[in-house]
Amino acid sequence: MNEHTEPNMADETTVGETAAVAATPEHTPSEHAPSAHPQRSEALAFAIGVAGWLVPGLGHALQKMWGRALGCFLTVGALVFLGVGMRGNVFSSEGGDAFGVLGYVADLGTGSFYFAARALETQGSDVAHAEGDYGTRFLAAAGVLNLLAALHAYEAARGRKA
Amino acid sequence: MIAAIALSLTHFQAMTLFALLISVAFGFLGRRRTNDRVKYIIWSLFLFLLIGVGIGWAMYPFSR
């Protein structure tokens, strides 16, 4: 997924890195540069992280990192789709024990896809068979993966190399 | 709707699918250039499968 045409350029450049380049002596920073408003930049980065959590890939898409956005959306979506198809357990807030709570937190990591999974799994889970057990792992992995992607988008928005 | 599809996969198929999807996600997040991503995905997938099969093989004597 080459977003740039020059062969030696990186495939994706973060918003923060672009701001860092603009702040070099060759590029005189203006009054409206992101570094001039650190609180605003931090709030924007936080909003990007939350967006990335709510909709997998949106945090990267907002920073025009299209390859990563598409990759996150498709992989998280595929994991949720397969997990539900294998009748994995979609945990609810009424889990009860510690494992139920952990599973709920992991499943919530998929953001809006959690509600899609609950809506799609009309027949309930079937963890008595290996497929259902695998499905539960797929769903939890999708959530944790999306949290990692959202954190990545947040760090990229803050200007950390990503 | 989707539950009617009723996916039925073997252990190896499920593990391979899981490894592939996670490797692709790690590759896209961890590397920026396309060539680096492809190399990372292939290497990560290989290690996932190697370690998964290795652990399964090591557990085999205790499975019965």
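So you know, we letter chains A, B, ... as the sequences are listed, proteins then strands, and number each from 1.
- Residues Gly67(A) and Arg37(B) come closest through the heavy atom pair CA-NH1, 4.5 Å.
- Phe26(B) and Trp43(B) end up in different hydrophobic clusters when Ile, Leu, Val, Met, Phe, Trp and Tyr side chains are linked at under 4.5 Å.
- Residues Leu49(B) and Trp57(B) fall into different hydrophobic clusters, defined by Ile, Leu, Val, Met, Phe, Trp and Tyr side chains chained together at heavy-atom separations under 4.5 Å.
- With contacts defined as side-chain heavy-atom distances shorter than 4.5 Å, the pair Ile22(B)/Leu79(A) qualifies.
- A 6.0 Å sphere centred on CZ of Phe73(A) holds no more than 12 heavy atoms belonging to other residues, nucleotides or ligands.
- At a threshold of 4.5 Å between side-chain heavy atoms, the hydrophobic network of Ile, Leu, Val, Met, Phe, Trp and Tyr places Leu139(A) and Phe115(A) in one connected group.
- Residues Leu82(A) and Leu21(B) are in side-chain contact: their nearest non-hydrogen atoms beyond the backbone lie under 4.5 Å apart.
- Phe46(B) and Phe12(B) sit in two unconnected hydrophobic clusters of ILVMFWY residues. Membership requires side-chain heavy atoms under 4.5 Å apart, directly or through other members.
- Under the 4.5 Å side-chain heavy-atom criterion for grouping Ile, Leu, Val, Met, Phe, Trp and Tyr, Val144(A) is not connected to Leu54(A) through any hydrophobic cluster.
- Between Thr75(A) and Phe28(B) there is no side-chain heavy-atom pair separated by less than 4.5 Å.
- Minimum heavy-atom separation, Ala14(B) to Phe138(A): O-CZ, 3.5 Å.
- Interface residue His60(A): only side-chain heavy atoms are found under 4.5 Å from chain B.
- Scanning both residues, Arg31(B) and Arg68(A), for their nearest heavy atoms gives O-NH2, 3.4 Å.
- Among all heavy-atom pairs drawn from Glu131(A) and Leu9(B), the shortest one is OE2-O, 3.4 Å.
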